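Encoded as structure tokens, the structure appears first; notes follow it.
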Amino acid sequence: RERKDRLVESLLGRASPVEAKYLVKIMIGEMRTGFQEGLMELAVSRAFSTPLELVQKASMLTGDIGEVAYLLKEHGEAALSKLGLRLMRPLKPMLAQMAESPREAIEEHGGETAFEYKLDGARIQIHKVGEKVKVFSRRLTDVTDSLPEIVQAVREGVKAHEAVLEGEVIAVGRDGHPLPFQHLMRRFRRVYEIEKMLREIPVKLYLFDLLYVDGESLIDEPYLERRNRLSRVVEGIPLTEQLVTGNPAEAERFFRKALEEGHEGLMAKRLDSPYKPGVRGKHWLKIKEPLEPLDLVITAAEYGYGRRHGWLSDYYLAARDEETGEFLVVGKTFKGLTDQEIIEMTERLKRLAIMEEGNRVVVKPEIVVEVAYNEIQKSPKYKCGMALRFARITRIRDDKSPEEVDTIQKVRKIYEKQFEKKARL
DNA sequence: CCTGTCTGCCCC
DNA sequence: ATTCTGC
DNA sequence: GCAGAATGGGCAGACAGG
């Protein structure tokens, strides 16, 4: 630590003021140069005079642009064209776009589609070669050691020597009902005391895709074929509940049933779609439903960074305690307002300012907003012990006074109601 | 050893 | 994760 | 239509300090 301090001190001492400014920006991660993987693929393509499409395809398959560059340098373009799906090396997961309703998904997919329950857990990709099993997270981290019972289930239930499968892990209660997402996270990337938590929080695997089986890549096969092959290759591991239909009313009932059983919603998968690693397209759609909206009051705000510099763009949202009259924070959001609305909100909040401390401005509780969210979580962070998950502003309620915002008692009631569908620890 | 704070090609 | 914006 | 920017809650783990 002391050595670090001295090094930084001497570095800054030798820098000019402008140099010092950018050195500090680099050190605290505020350069915002916006150089992400898309640009890196373009750079690799140009550097080795290789077609961009080839680089992108290789990047999808390996999930590692660094490795693509290495392969090109060492073995040239031919190595990339030969590249296929490789066992024990994860590929990037295919991603979904949002849809508003089952009906919209049916229309988007040309009259008929496959709906699957969307479970509120963590996406995993499983590679199996004989008794050897590896489990990868969505960002391709190896999480095998955290999930011994999943590994065991795959060894026993996947009737193929080699396989690459995808599924969702969720935490389940004693009755088999899903536990809230936050309990799963106590297991998911755990390294220590795995055995102890194994008993406290059981996890369960639901499979939904098969990308490779015994020497054969299935990623270019249509969804229905992959799903059929999956159902034939596993025994004793559940697949996500599925319904193929073009009937909007039937699809809507399936959606309600998924929600009623405590799940997040539905996925809709185009029947003839190949598996496109790393692509967020319309072949897969996700359909969720927010809980009933809350009217909350803004009690504080923070200045934004980057393109939101100088604007109060992040808002503390509070409900009223009907016993004490106090406003209690239940979450924070920066989502839902347009740039223009943020500018106007900044002006209004500045006029209501009571106190400034650092980046935060505490304001007189006066501005009421309607807020959508997907779950109420148990929170160690807020005094009321609850927090909104995925909170976003849906409307500014200038017709409502702060006395009329929803109460903390109502928030607690909605929190409790979630356990009619979900299990409790 | 215990506690508080910060970080994560983190999970959502 | 969700949302808005610029291309 | 798409990528990019801006940032939420919560968790385990790493690290600093006492």
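Chain letters run A, B, ... following the sequence lines, proteins first and then strands; every chain starts at 1. Since we're looking at a predicted model, the values are computed, not measured.
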Starting from the 5' end of DNA chain D, give me the residue, A:Asp314 or A:Gln97, whose nearest nucleotide shows up first.
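Its nucleotide being nearer the 5' end, the pick is A:Gln97.
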Both A:Gly304 and A:Arg186 contact DNA chain D. Taking the nearest nucleotide for each, which residue is further toward the 5' end?
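Its nucleotide being nearer the 5' end, the pick is A:Gly304.
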In Å, rounded to the nearest 0.5 Å, how long is the span from CD1 of A:Ile396 to CD of A:Glu344?
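Here the rounded value is 7.5 Å.
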Reckon [X] touches a base, only the sugar-phosphate, or nothing at all at heavy-atom distances under 4.0 Å?
X: A:Arg280; result: nothing
X: A:Ala122; result: sugar-phosphate
X: A:Glu168; result: nothing
X: A:Gly63; result: base
X: A:Lys92; result: nothing
X: A:Arg189; result: base
X: A:Asp339; result: sugar-phosphate
X: A:Lys286; result: sugar-phosphate
X: A:Leu337; result: sugar-phosphate
X: A:Phe390; result: base

Would you please indicate if the ring centroids of A:Tyr303 and A:His309 are separated by under 6.0 Å?
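Aromatic pair excluded; centres sit 6.0 Å or further apart.
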Should B:dT7 form a Watson-Crick or G-U wobble pair with both distances under 3.5 Å, which nucleotide is its partner?
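The answer is D:dA12, by the H-bond criterion.
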Using Watson-Crick or G-U wobble geometry with both distances below 3.5 Å, tell me the partner of D:dG18, or none.
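Partner of D:dG18: B:dC1.
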Donor-acceptor pair, distance only, cut-off 3.5 Å: does the side chain of A:Tyr275 make one with the backbone of A:Met94?
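At least one qualifying donor-acceptor pair exists.
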Quick one: is [X] getting a side-chain N or O under 4.0 Å of the [N] phosphate, OP1 or OP2?
X: A:Thr141; N: B:dC10; answer: no
X: A:Lys335; N: D:dG8; answer: no
X: A:Thr338; N: C:dT3; answer: no
X: A:Gln377; N: D:dG9; answer: no
X: A:Ser137; N: B:dC10; answer: no
X: A:Lys378; N: D:dC11; answer: no
X: A:Arg389; N: D:dG9; answer: no
X: A:Tyr192; N: D:dA14; answer: yes
X: A:Arg307; N: D:dA6; answer: no

Measure from [atom1] on [X] to [atom2] on [N] and round the result to the nearest Å.
X: A:Tyr373; N: C:dT2; atom1: OH; atom2: C1'; result: 16 Å
X: A:Asp120; N: D:dC11; atom1: CG; atom2: P; result: 13 Å
X: A:Arg395; N: C:dT3; atom1: CZ; atom2: P; result: 16 Å
X: A:His309; N: C:dT5; atom1: NE2; atom2: C1'; result: 19 Å
X: A:Arg392; N: B:dC12; atom1: CZ; atom2: P; result: 17 Å
X: A:Phe188; N: B:dG8; atom1: CZ; atom2: C1'; result: 14 Å
X: A:His183; N: D:dC11; atom1: NE2; atom2: P; result: 9 Å
X: A:Met98; N: D:dG1; atom1: CE; atom2: P; result: 14 Å

Nearest-nucleotide pick for [X], side chain only, options being [options]:
X: A:Lys381; options: C:dC4, D:dG9, B:dC11; result: D:dG9
X: A:Arg123; options: B:dC12, B:dC10, D:dT7; result: B:dC12
X: A:Lys282; options: C:dT2, B:dC11, D:dG1; result: D:dG1
X: A:Tyr382; options: B:dC12, B:dC9, D:dG9; result: D:dG9
X: A:Tyr305; options: D:dG8, B:dC11, D:dT7; result: D:dT7
X: A:Phe334; options: B:dC11, D:dG13, D:dT7; result: D:dT7

With rounding to the closest Å, how many angstrom separate the P atoms on B:dT5 and B:dC9?
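Their P atoms lie roughly 23 Å apart.
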Ignoring hydrogens, what is the shortest heavy-atom contact between A:Pro93 and A:Leu140? Give both atom names and the distance.
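Heavy atoms only, the tightest pair is CD-CD2, 4.2 Å.
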Of A:Arg397, A:Glu404, A:Glu403, which meets side-chain hydrogen bond (donor to acceptor under 3.5 Å, both in side chains) against A:Ser401?
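In the set A:Arg397, A:Glu404, A:Glu403, the residue that makes a side-chain hydrogen bond (donor to acceptor under 3.5 Å, both in side chains) with A:Ser401 is A:Glu404.
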Within 45 degrees of the ring normal and closer than 6.0 Å to the centroid, is that where the cationic atom of A:Lys335 sits relative to A:Tyr315?
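Checked: cation-pi criterion not met.
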Under 6.0 Å from the ring centre and within 45 degrees of the ring axis: does the NZ or CZ of A:Arg392 meet both conditions for the six-membered ring of A:Tyr373?
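No, A:Arg392 and A:Tyr373 do not form such a contact.
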Give me the one residue out of A:Lys350, A:Glu302, A:Arg360 that meets side-chain contact (heavy atoms from CB on, under 4.5 Å) with A:Leu312.
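Output: one option passes, namely A:Lys350.
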